[in-house]
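Notes follow the structure.
Scope of the values below: all heavy atoms of this structure, side chains included, with no hydrogens, waters or symmetry mates.
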Amino acid sequence: MEDQFEDLFDIEGVKKKFMFVNRKAPYGTIYALEVLEAVLISAAFEQHAAIVFVDDGVYQIKKGQDTKAINMKNFSPTFKIIEMEKEDADEDPDMDMVWRIIVEKESMEARGFTPDDFVIDVEVLSSAELGAFMEEQDVILSG
Amino acid sequence: MEDQFEDLFDIEGVKKKFMFVNRKAPYGTIYALEVLEAVLISAAFEQHAAIVFVDDGVYQIKKGQDTKAINMKNFSPTFKIIEMEKEDADEDPDMDMVWRIIVEKESMEARGFTPDDFVIDVEVLSSAELGAFMEEQDVILSG
Amino acid sequence: MKFGIMVNEGPFTHQASDSAYHFAKAALDKGHQVLRIFFYYDGVNNANKLSQPQADDRNLIKLWGELGKEHNLDLVVCVAAALRRGIKEEILAEGFRISGLGQLIEAGVAADRLVVFGD
Amino acid sequence: MKFGIMVNEGPFTHQASDSAYHFAKAALDKGHQVLRIFFYYDGVNNANKLSQPQADDRNLIKLWGELGKEHNLDLVVCVAAALRRGIKEEILAEGFRISGLGQLIEAGVAADRLVVFGD
Amino acid sequence: MLHTVNKSPYERANLDSCLRLAQKGSAILLYEDGVYAAVKDADASAKIEGALKDLSVFVLGPDLAARGIEENRLINGVVVVDYGGFVDLVGEHGPTQTWL
Amino acid sequence: MLHTVNKSPYERANLDSCLRLAQKGSAILLYEDGVYAAVKDADASAKIEGALKDLSVFVLGPDLAARGIEENRLINGVVVVDYGGFVDLVGEHGPTQTWL
């Protein structure tokens, strides 16, 4: 069945700007975990990616998560993999893939956090800056 | 399998006060519809019931719902059945079943509504009154 | 004390079923009775035996079944909610049974406390 | 114009799948192309063929299948999300196929617009 | 670009976040439970009334009708569209951000 | 009675509704995403700080730990319990209202 659709998807060499908007807290719902899987797959397609944490999404990257007592999978180590993908993209001159990991300043501060609270290095953008950057995207995925 | 549990449920003649708390708007989610099914079943068990509309739950009983263009089932006529159940309970001297249909005043007014906007007759209680009444319940179901 | 528990969401998208499971387990550990666990709304998805979580994740469907077996719990899936969502006998996990919504009201009447878990 | 559509919730609990369906239909009616509809998160429940809505309610699982057939649409259910939630070939509704998450990214790359529907 | 909001302004912060980030000149579509934000003379009305200074605001007619919200209760300046209009909005603007 | 709140105070109105209706002397348990309301020095802290005058407030430890919220970040007066403590709270109080 897949074959009949193949001609629709001639994407060889096409490069787009993807933004993944994370607005939801971890564990209370699964969205944070499953969107990460989509982020990782986008690397295989060598697409540009902005991984954005806004509103309760900033809780996803809080340090010190320990899920033993709720018996759920602690997925926060996955953010380290995303950080590595970004570093690979930054350092490899042959790879035309720009990744950015962004936290909205207003959301972070409202929750009493600083960048020291996070498991990964992030760029901090104001809502105005993030809003303008959002306009530059080709595809925005939220979940 | 059911039989083995039967002795746990010797509820003959036991009468409790049930409250059904409706906080969710209709159609955006299914909760409003499915909680109504639970309300109707509780009548078969001749239990006391308070059907409460608070927060976005007040939108459930808004007059004039027409779901043709979204192709979903318009369930607002079901509230008429609930109103009839309540009237039956009120009028039948042999039936020990008190039903109340309550809207929280603050939620109604915040949304710009008056009792004229609703498909059924409601009692309007302030948050303080409703909060006190909630304390008197035996079972509170929310969904 | 006799508890009844209502679960309104499935085993993955919301934490509700996890919280309900830990609550039920803690209640049983303390020597309380859990009369019935009633799965309503998307909660019926807790009884889908085809569910196959990742190897390093918990499997709530199995955990519910095991807890039910250990403590002879009555795990009831609402038939109306289940029909809509395609949870039928042929994919019903061990330990669950499908029955009517009246079983929820009955649990509310019979239990000292009914606790709801949802979204 | 070429559209891609992502559906994040099942066919009952949230309106997302209804909205996505009406959007897809309207786009096709206007002569646009819909390259792919990708079902992720609880959206995979849109492909459960056991689902049996009430007689007076819409049946989105069927409606998606019929729309797919009429317009030769690619209705893709994410395999990882589906495995967790117990949506497997044996209960997969007609017109859907199960495939990888890469198909979502591919749709995003190939389409002029990707629109997300969810909760 | 197009921002879409499908959540009630009384129950969720989605619309607030949308309005915080949306740039001058962009469009917002209210649909599903988001349509309640378009009702005038209510506690949440000020959000969309304020937004209309910088943004164009649309609301999905089928969702209004389902919820029994009469068009004469809408904030002045909000434009009602149907599903076809929704498609047009997506087509006419750049990317769509769905505020889930 | 016992009120339970499992939603973030930044994203949902559940806690506001709970506090509007909760009577003096009743108890609130924050769990799942509701635990974020128990964090001090944050924009939502005032809600629970105010509530503590009239109500007892509990927070579920396992949900705090999962989310990496250290106990020294909690508002003074909020009591941490485990699932057993949750069961006790339900048992000790009258009906439980789950603010979904």
Is chain F contacted by the side chain of [X], its backbone, both, or neither, given a heavy-atom distance below 4.5 Å?
X: B/Glu136; result: neither
X: B/Ala128; result: backbone
X: B/Lys17; result: neither
X: B/Glu104; result: side chain

Measure the spacing between [atom1] of [X] and [atom2] of [Y] and express it to the nearest 0.5 Å.
X: B/Arg23; Y: F/Asn14; atom1: CZ; atom2: CG; value: 4.5 Å
X: F/Met1; Y: B/Met134; atom1: CE; atom2: CE; value: 5.5 Å
X: B/Glu135; Y: F/His3; atom1: CD; atom2: NE2; value: 5.5 Å

Worksheet item: Within a radius of less than 6.0 Å around CG of F/Asn76, do more than 12 heavy atoms belonging to other residues, nucleotides or ligands occur?
Response: no
Discussion item. Is it true that, when you exclude F/Lys47 itself, more than 12 heavy atoms of the residues, nucleotides or ligands shown sit nearer than 6.0 Å to its NZ?
Written reply: yes
Worksheet item: Which one, B/Ser127, B/Ser126, B/Ser107, leads in non-hydrogen pairs under 4.5 Å with chain F?
Response: B/Ser127
Discussion item. Is F/Thr98 in contact with chain B via its backbone, its side chain, both, or neither, using a 4.5 Å heavy-atom distance?
Written reply: both
Item to complete: Select one option (side chain, backbone, both, neither) describing which atoms of F/Asp16 are under 4.5 Å from chain B's heavy atoms.
Response: neither
Discussion item. I'd like to know if B/Asp55 pairs up with F/Arg20 as an ion pair, taking the criterion as any Lys NZ or Arg NE/NH1/NH2 lying under 4.0 Å from an Asp or Glu carboxylate oxygen.
Written reply: yes
